[in-house]
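Structure record follows, encoded as structure tokens.
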Amino acid sequence: IRLPVSGARLMATAMRMAVFSPLPGDPPDERGMPAVEDPRQAAPTWAGLLAGVYPNLWVSDGLVMSESVSVFVICALLLVLLGELPLGSRSLLLAGALVGLAALARSELVLLAPLVALLAWRDGREQPARWKPPALVLVASVATLLPWAAFNLARFEDPVVLTTNDGAALLGSYCSPSLRGENTGTWSLFCVLDAPNITPDMDPSERSTEYRRQGLASARDNVERIPI
């Protein structure tokens with residue numbers, strides 16, 4: 001859009017007011033612009049702008065995928081962690097439960113459990129029982145994951161805790177097309193679809209085990225290419 005000089009100046013002023021908008025009630029400065037005494041007042045607006053232009057946060061919203069759920073749960077987790085300091089028992093249990101929900105949406109997010117537990121341990125350094133905050137986080141996380149893990153362990157041939165997608169992820173990442181050529185560094189669906197030794201009578205856990213075996217074997221054979 002091409003604007004005249006006055007229109008461009010007006011647009012720039014509007015953008016500045018949107019980005020650096022102060023809290024309600026703050027007086028304007030000598031130029032009539034909103035005064036921002038604390039730069040942190042603009043943080044929510046910046047966060048919203050970044051979220052709006054970062055595709056990974058919203059590109060999957062129209063699809064039946066786990067990314068939208070995991071982003072929502074992580075945002076809720078951040079709100080809990082930033083809501084009160086030091087964290088009370090209720091907030092710690094809620095944070096642990098949200099970590100468990102995040103891991104149910106995206107299994108790699110289970111790594112949030114030790115991270116949040118570490119934050120709780122640091123936050124509780126003034127408490128006499130310093131072990132209690134991280135313990136509450138971990139207990140709530142495990143309690144949230146336990147029903148799904150028990151269900152998986154009971155219904156599959158091979159042991160499955162959270163998901164059977166790990167095998168396909170390894171094979172698609174470490175097969176030859178993903179390590180060499182123009183598709184280096186990508187994930188190949190065709191390596192999974194064309195994988196040998198996969199039969200129709202296999203259940204998802206058995207297929208995942210075979211995918212994992214082939215993916216790790218390819219990684220060992222091409223170890224020099226993995227850093228690339």
Side-chain angles (χ1 to χ4, degrees), residues 54-77 95-118 137-228:
Y54 183 59
N56 284 340
L57 288 179
W58 46 261
V59 71
S60 300
D61 288 350
L63 305 174
V64 184
M65 298 181 68
S66 59
E67 281 78 0
S68 299
V69 176
S70 60
V71 168
F72 173 79
V73 175
I74 290 174
C75 289
L77 174 63
L98 288 171
V99 169
L101 290 176
L104 290 174
R106 297 285 301 182
S107 56
E108 65 270 21
L109 293 179
V110 73
L111 297 174
L112 287 173
L115 177 60
V116 175
L118 176 62
V137 171
L138 294 176
V139 167
S141 300
V142 172
T144 305
L145 293 172
L146 191 58
W148 180 250
F151 178 55
N152 284 338
L153 291 171
R155 64 179 174 143
F156 289 118
E157 290 291 331
D158 292 346
V160 174
V161 178
L162 291 179
T163 179
T164 59
N165 286 337
D166 59 314
L170 287 170
L171 178 57
S173 299
Y174 294 133
C175 63
S176 183
S178 298
L179 296 175
R180 302 179 185 278
E182 62 180 7
N183 295 320
T184 297
T186 62
W187 182 85
S188 174
L189 174 63
F190 297 105
C191 289
V192 177
L193 296 178
D194 298 334
N197 302 326
I198 301 297
T199 59
D201 60 322
M202 287 180 168
D203 81 342
S205 68
E206 294 172 313
R207 287 196 295 271
S208 181
T209 299
E210 180 60 25
Y211 290 150
R212 188 187 311 117
R213 185 193 65 79
Q214 295 181 29
L216 293 176
S218 179
R220 287 191 295 269
D221 293 340
N222 298 277
V223 66
E224 75 283 356
R225 300 287 300 175
I226 291 178
I228 299 175

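On a predicted model such as this, the values are computed, not experimentally measured, just so you know.
Without hydrogens or angle criteria, Asn183 side chain to Ser178 main chain gives no donor-acceptor distance under 3.5 Å. Within the 3.5 Å criterion, the main-chain N or O of Leu170 finds no donor-acceptor partner in the side chain of Ser173. The backbone N or O of Thr199 lies less than 3.5 Å from no partner atom in the side chain of Glu206, so there is not a single donor-acceptor pair. Not a single donor-acceptor pair under 3.5 Å links the side chain of Ser218 to the backbone N or O of Gln214.
With a 4.5 Å cut-off on side-chain heavy atoms, Leu104 and Val73 do not count as touching. Between Arg220 and Val223, every side-chain heavy-atom pair lies at or beyond the 4.5 Å cut-off. When side chains are defined from C-beta on, Val71 counts as touching Cys75, because their heavy atoms get closer than 4.5 Å. Contact check for Asn222 versus Arg180: side-chain heavy atoms found under the 4.5 Å cut-off. In this structure, the side chains of Tyr211 and Ile198 come closer than 4.5 Å at one or more pairs of heavy atoms. The shortest side-chain heavy-atom distance between Ser208 and Val160 does not fall under the 4.5 Å cut-off.
Using a cutoff of 4.0 Å between basic side-chain nitrogens and carboxylate oxygens, Arg207 and Glu210 are not scored as salt-bridged.
The line from CG of Leu112 to CG of Leu77 is 6.5 Å long, rounded to the nearest 0.5 Å. In this structure, the separation between CG on Leu171 and CG on Leu193 is 10.0 Å, given to the nearest 0.5 Å.
Residues in residues 141-178 take part in these ring-ring contact (aromatic ring centres under 6.0 Å, His included) pairs, two or more places apart or across chains: Trp148-Phe151.
Nearest approach of Ser205 to Asp203, heavy atoms of both residues: OG-OD1, 2.8 Å. Nearest approach of Thr144 to Ala97, heavy atoms of both residues: OG1-CA, 3.4 Å.
In this structure, the salt bridge (Lys or Arg N to Asp or Glu O under 4.0 Å) partners of Asp166, at least two apart in sequence or on a different chain, are Arg212.
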